[in-house]
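Proteins get letters first, then strands, A, B, ... in listed order; numbering begins at 1 in each.
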Amino acid sequence: MRPISYTRATGTTDAIAAVTADPRSHFLAGGTTEVDLLRQNVLAPRRLVDINDLPLTGVEEMPDGSLRIGALARMSQVAQAPVVRERFPLIAQALELGASAQLRNMASMGGNMMQRVRCGYFRDTASACNKRVPGSGCAAIEGTSRGHAVLGTSAHCIATHPSDVAVALAALDARIRTEGPGGERSYSFEEFFLLPGDTPDREHPLEHGELITVIEVPSVPIARHSAYLKVRDRESYEFALVSVAAALALADGLVLDVRLALGGVGTRPWRAERAEEFLLGAPAIPQNFHEAARVEMAAARPTSMNAFKVELACRTVVRALETLTGSPS
Amino acid sequence: MSSHVSANTAAESGVLPERGPEPVQVTLHVNGERRAVDIEPRVSLLDALREHLGLTGAKKGCDQGACGACTVLVDGRRVLGCLTLAITCEGREVTTIEGLAREGRLDPMQEAFIAHDAFQCGYCTPGQIMSAVALLREGHAGDDEEIKEWMSGNICRCAAYPNIRAAIRAVRDADPDAAPGTGSGA
């Protein structure tokens, strides 16, 4: 691990100014990505600016029914918040199915959005990785790719976005608010999480020194009837092979409204808009759930090692929606 | 702290003082005691405890946040010592396995681990116990399924899991006056 220096910030403006002024300063929140990757020599900041004392905690229900999640709220804190458990069960479930109790106490919500991929080649400085060293190639495409993405991939990167809660938030049209050298900004998830394309090193549109302050979740009434289903090699403390965030409202056996997003299969938290479109107005029966998932997964570009994810994703969508309709699975 | 503020890059870093990368004095509160150490900012809480404060209870297993052997409490919440920088713990209360015993008596969770033979090699045990103490306080020990899920961040390569769960159940079901983790600083 390289030597680093340290600054503890107490104000948001000061923290942003400090990082903005120094290209080799990074923000430090929970540290569960930053310290890990520092030790692996994947990240090489000169200095860490500790933002843990900034007043960006709190989970607040707004008068219009939306939710404001402070960027420094911890995963465990958000999962425990009564408003989240009652009105947005898919968020609470996604949080509590991620990482471990210790990591959830440490990791901040802003940091969760900024976490780096778990691709073994990204973490191994001896391997080619276009994310870590642009232009060096992608060792995963011809390598061990069982856990890698099948949607949103490119010839330059197939790393899966690892977050669970970002999948739930993607289903709910959450927005990410920032402050930075260019002032305050707000991003949709589609704007915030960039596809790898030919610049996989660029994962989000933030400027250096731009800091996530709040995650906003609009009032989504059907989110009260929602679930997060995660399929993985171990039952706990493991990343998803496939996960599904789903919310559903029915009227007379037809799908009145639906939200669907997929984890474990995409290079970003994957909103399944094609599947949603297929389902709207359709009878809420398993055949339609499977067909909707198939429509979404038609764009999949699997490797020889992760082709199983395509069918697994379809079955996980069916299971999640059946759970919400109360049908036997 | 003032003597350790580095001035060389102050011009670039605005008004906030910068410390390091050379060793700086860091004041920690561990198990109810104030302890000053000279460490580089890159030193983890785990290394500060083990190499600088002589508190070798917390163990270094993976050093990358995967095994839970380094679990300690910071401000009463269980965290991983290996992914926490010690310097970030200034002003916070750290509790390690050494801080659980009170007046020469082991914590009920420590007693229960002995009574239920909840370890074999013992390497993961301090982390298991710290995690178990926090688990009960969080109220996540309702049944075995819940205990398994909420203890999944602590790996035991000897697979003493059934006995670890038995120890946790025993403390959960014991006299509430014997609540775990009421030792110094917890």
- Region of A:E96 in contact with chain B, defined by heavy-atom distances below 4.5 Å: both

- Query: What part of B:T84 is in contact with chain A, defined as an atom under 4.5 angstrom from a non-hydrogen atom: side chain, backbone, both or neither?
  - Reply: both

- Which of the residues A:R104, A:Q80, A:E34 is involved in the greatest number of heavy-atom pairs with chain B at under 4.5 angstrom? A:R104

- Are side-chain N/O atoms of B:N154 and B:S131 paired as donor and acceptor at under 3.5 Å? yes

- Set of ring-ring contact (aromatic ring centres under 6.0 Å, His included) partners for A:H208, sequence neighbours left out: none

- Task: Run the salt-bridge test on A:D53 and B:R92 with the 4.0 Å N-O cut-off and return the result as yes or no.
- Result: yes

- Query: So, are B:E111 and B:R105 salt-bridged, with charged N and O less than 4.0 Å apart?
  - Reply: no

- So which part of A:D36 gets closer than 4.5 Å to some heavy atom of chain B, the side chain, the backbone, both or neither? both

- Closest-packed option against chain A by number of heavy-atom pairs under 4.5 Å, given B:C82, B:G68, B:A134: B:C82

- Any ion pair linking A:R116 and A:E203 (charged N to carboxylate O, less than 4.0 Å)? yes

- Part of A:L38 lying under 4.5 Å from any heavy atom of chain B: neither

- Message: At a 4.5 Å cut-off on heavy atoms, which part of A:E238 comes close to chain B: side chain, backbone, both, or neither?
- Response: neither

- Item | Distance-only donor-acceptor check, side chains A:R185 and A:T178, under 3.5 Å | no

- Query: Relative to each other, are the rings of A:H148 and A:Y121 parallel, tilted or perpendicular (30° and 60° limits)?
  - Reply: tilted

- Query: For A:L37, is it the side chain, the backbone, both, or neither that has a heavy atom closer than 4.5 Å to a heavy atom of chain B?
  - Reply: neither

- Query: Which atoms of A:R234 come close to chain B, meaning under 4.5 Å heavy atom to heavy atom: side chain ones, backbone ones, both, or neither?
  - Reply: neither

